[in-house]
Amino acid sequence: MAAAAASAAAATAAEDGARLLRLEEQAGHGGGGAWEYLCLARRLRARRPEPVLRLGLALLNDSSARSRLASEQWTLYEQVAVAAMDCQRLDVAKDCIGVLSKQFPGSMRVGRLEALLFEAKGEWTDAERAYALILENNPFDQIVHKRKIAIAKAQGDMALAVEYLNKYLELYKQAAFCYEELILAQPTVPLYHLAYAEVLYTMGGLENLQTARKYYASTIQLTGGKNTRALFGVCLCSSAINQLTKGRNKEEESSELQSLASEALLKDYKQRAPSKEALITSLLKNMKLS
């Protein structure tokens, strides 16, 4: 669903970006709203390391403010650690990761942060070793596979980067096979149909997209038309297929499916999130599905 997220983010970028900057200025001048700003920056995945580091540290260093955050303080420690690495404040990053490691010993998420710190220091061998340890426990950790590719590129070893990339893509093929087996064993579980569709959509290519659309459709059928993610999936696949075939894909059944999915998606948002109806209408229009 990356394309949907990207399209939706683009459609709302102006509004969210303006709000983020307002909060940043407000909090930076002591007007409050630091936590709201940090939450919004996380949600938008905005790369604002300097203000995040400054405002985040202020909250973490204030014992009463930190206490009010309760369990959310650990999310803030993680956010500040990443911002600190971006700002080359490796001492701060190390301290934040140390706190998290003590709170969550053996956590794979903390392990990724530790490996990122090795990367920030340019300690490639230690970073590779840390990532290898994570993959021993979770061979399908996509973030770690992407970081291994990034390390190879950072060292200028493009041959190794290509090798890692091929391994990463192979994981999707293995995942697709696993979901095929699960669907054969339990054909009425919508989650398996949805997961299989998303793997195929991610892999791309006309044949995979056409198959993905069928499994998004079966997810819709199995859930009585109540799976928003699957409705989006049908629309995204239809848009991608139309682009690949230059509009030559005129099967009556496929056209009817995408029209029904678009209508159901609009109806769903109108009922459950009316404030976003205009956004979805614009999104579908951009995909030439409405």
Side-chain angles (χ1 to χ4, degrees), residues 1-7 9 45 47 78 81-82 85-86 93 97 100-101 104-186 189 191-216 219 229-230 232-233 236-237 240-241 243-244:
M1 306 299 289
S7 298
R45 298 183 181 179
R47 201 69 174 262
E78 181 180 20
V82 174
M85 284 185 267
D86 281 346
I97 294 170
L100 290 169
S101 182
F104 306 103
S107 164
M108 291 296 103
R109 189 161 177 163
V110 176
R112 284 198 295 263
L113 287 175
E114 292 170 339
L116 279 173
L117 184 56
F118 285 131
E119 281 193 64
K121 293 177 180 178
E123 297 174 356
W124 309 120
T125 301
D126 289 331
E128 283 272 16
R129 189 180 298 117
Y131 286 136
L133 183 61
I134 294 172
L135 290 176
E136 283 181 11
N137 293 285
N138 182 13
F140 296 99
D141 191 314
Q142 295 184 25
I143 294 175
V144 170
H145 282 285
K146 289 178 180 179
R147 293 315 311 162
K148 284 169 65 68
I149 295 167
I151 288 175
K153 289 174 66 177
Q155 296 179 87
D157 193 338
M158 296 310 296
L160 184 60
V162 170
E163 179 185 335
Y164 285 157
L165 180 58
N166 285 332
K167 288 180 179 178
Y168 174 59
L169 295 175
E170 187 63 30
L171 286 176
Y172 279 106
K173 295 179 182 178
Q174 294 176 18
F177 174 77
C178 290
Y179 284 122
E180 286 174 357
E181 294 295 302
L182 286 169
I183 290 169
L184 284 172
Q186 295 180 287
V189 178
L191 178 62
Y192 297 156
H193 290 249
L194 179 62
Y196 183 44
E198 299 208 321
V199 169
L200 292 171
Y201 176 79
T202 303
M203 290 171 65
L206 182 57
E207 186 177 346
N208 285 331
L209 288 168
Q210 289 172 332
T211 306
R213 183 167 58 184
K214 291 178 181 177
Y215 279 89
Y216 279 127
T219 303
R229 198 174 182 89
F232 247 126
L236 289 168
C237 286
I241 290 169
Q243 290 180 31
L244 287 175

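Keep in mind it's a predicted model, so treat the numbers as computed, not measured. Residues: numbered from 1 along the sequence shown.
Note that the CD1 atom of I97 and the CG atom of L116 stand 7.5 Å from one another [nearest 0.5 Å]. Interatomic distance, CD of Q210 versus CD1 of I241, reported as 5.0 Å (0.5 Å rounding). Note that the CZ atom of F177 and the CG atom of L182 stand 10.0 Å from one another [nearest 0.5 Å]. Note that CG of L100 and CD of E78 are 7.0 Å apart. Values are rounded to the nearest 0.5 Å. From T211, atom OG1 reaches atom CD of E207 across 5.5 Å, with rounding to the nearest 0.5 Å. Between atom CG of residue L113 and atom CG of residue L117 there is a gap of 9.0 Å, rounded to the nearest 0.5 Å.
Nearest heavy-atom pair across A240 and L209 is CB-CD1, 3.7 Å. Minimum heavy-atom separation, E180 to Y196: OE2-OH, 2.7 Å. For I134 against G111, the heavy-atom pair with the smallest separation is CD1-C, 3.7 Å. Contact between M203 and Y172 at its shortest, heavy atoms only, is CG-CB, 3.7 Å. Across all their heavy atoms, A130 and A115 have their closest contact at CB-CB, 3.7 Å. Closest heavy-atom contact between L165 and I149: CA-CD1, 3.7 Å.
For K153, the NZ atom counts as loosely surrounded, since its 6.0 Å shell holds 12 or fewer non-hydrogen atoms of other residues, nucleotides or ligands. More than 12 heavy atoms of other residues, nucleotides or ligands shown are found within 6.0 angstrom of CZ on F104. Few gaps surround CD on E170; more than 12 heavy atoms of other groups in view lie less than 6.0 Å from it.
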Original post:
Should N208 and V199 be marked as a side-chain contact (heavy atoms from CB on, under 4.5 Å) after you check the CA-CA gap, both sets of side-chain angles, and the distance that decides it?
Top reply: CA-CA 9 Å; N208 285 331; V199 169; over 6 Å; no
Subject >> Stepwise side-chain contact (heavy atoms from CB on, under 4.5 Å) test for K146 and I143 >> reply: CA-CA 5 Å; K146 289 178 180 179; I143 294 175; 5.8 Å; no
Original post:
Yes or no on side-chain contact (heavy atoms from CB on, under 4.5 Å) for V162 and N166, after CA distance, side-chain angles and deciding distance?
Top reply: CA-CA 6 Å; V162 170; N166 285 332; 3.8 Å; yes
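Between the side chains of E198 and Y179, no donor-acceptor pair of N or O atoms lies under 3.5 Å.
The shortest distance between side-chain heavy atoms of N138 and M108 does not fall below 4.5 Å. Side-chain contact between R129 and D126 is present, with at least one heavy-atom pair separated by less than 4.5 Å. With a 4.5 Å cut-off on side-chain heavy atoms, Y215 and I183 count as touching.
For the side-chain contact (heavy atoms from CB on, under 4.5 Å) with Y131, the lone residue among H145, E114, R147 that qualifies is R147.
Between D141 and R112 there is a salt bridge, since a side-chain N of the basic residue sits under 4.0 Å from a carboxylate O of the acidic one.
For the pair K148 and Y164, the distance from NZ or CZ to the six-membered ring centre is under 6.0 Å and the angle to the ring normal is within 45 degrees.
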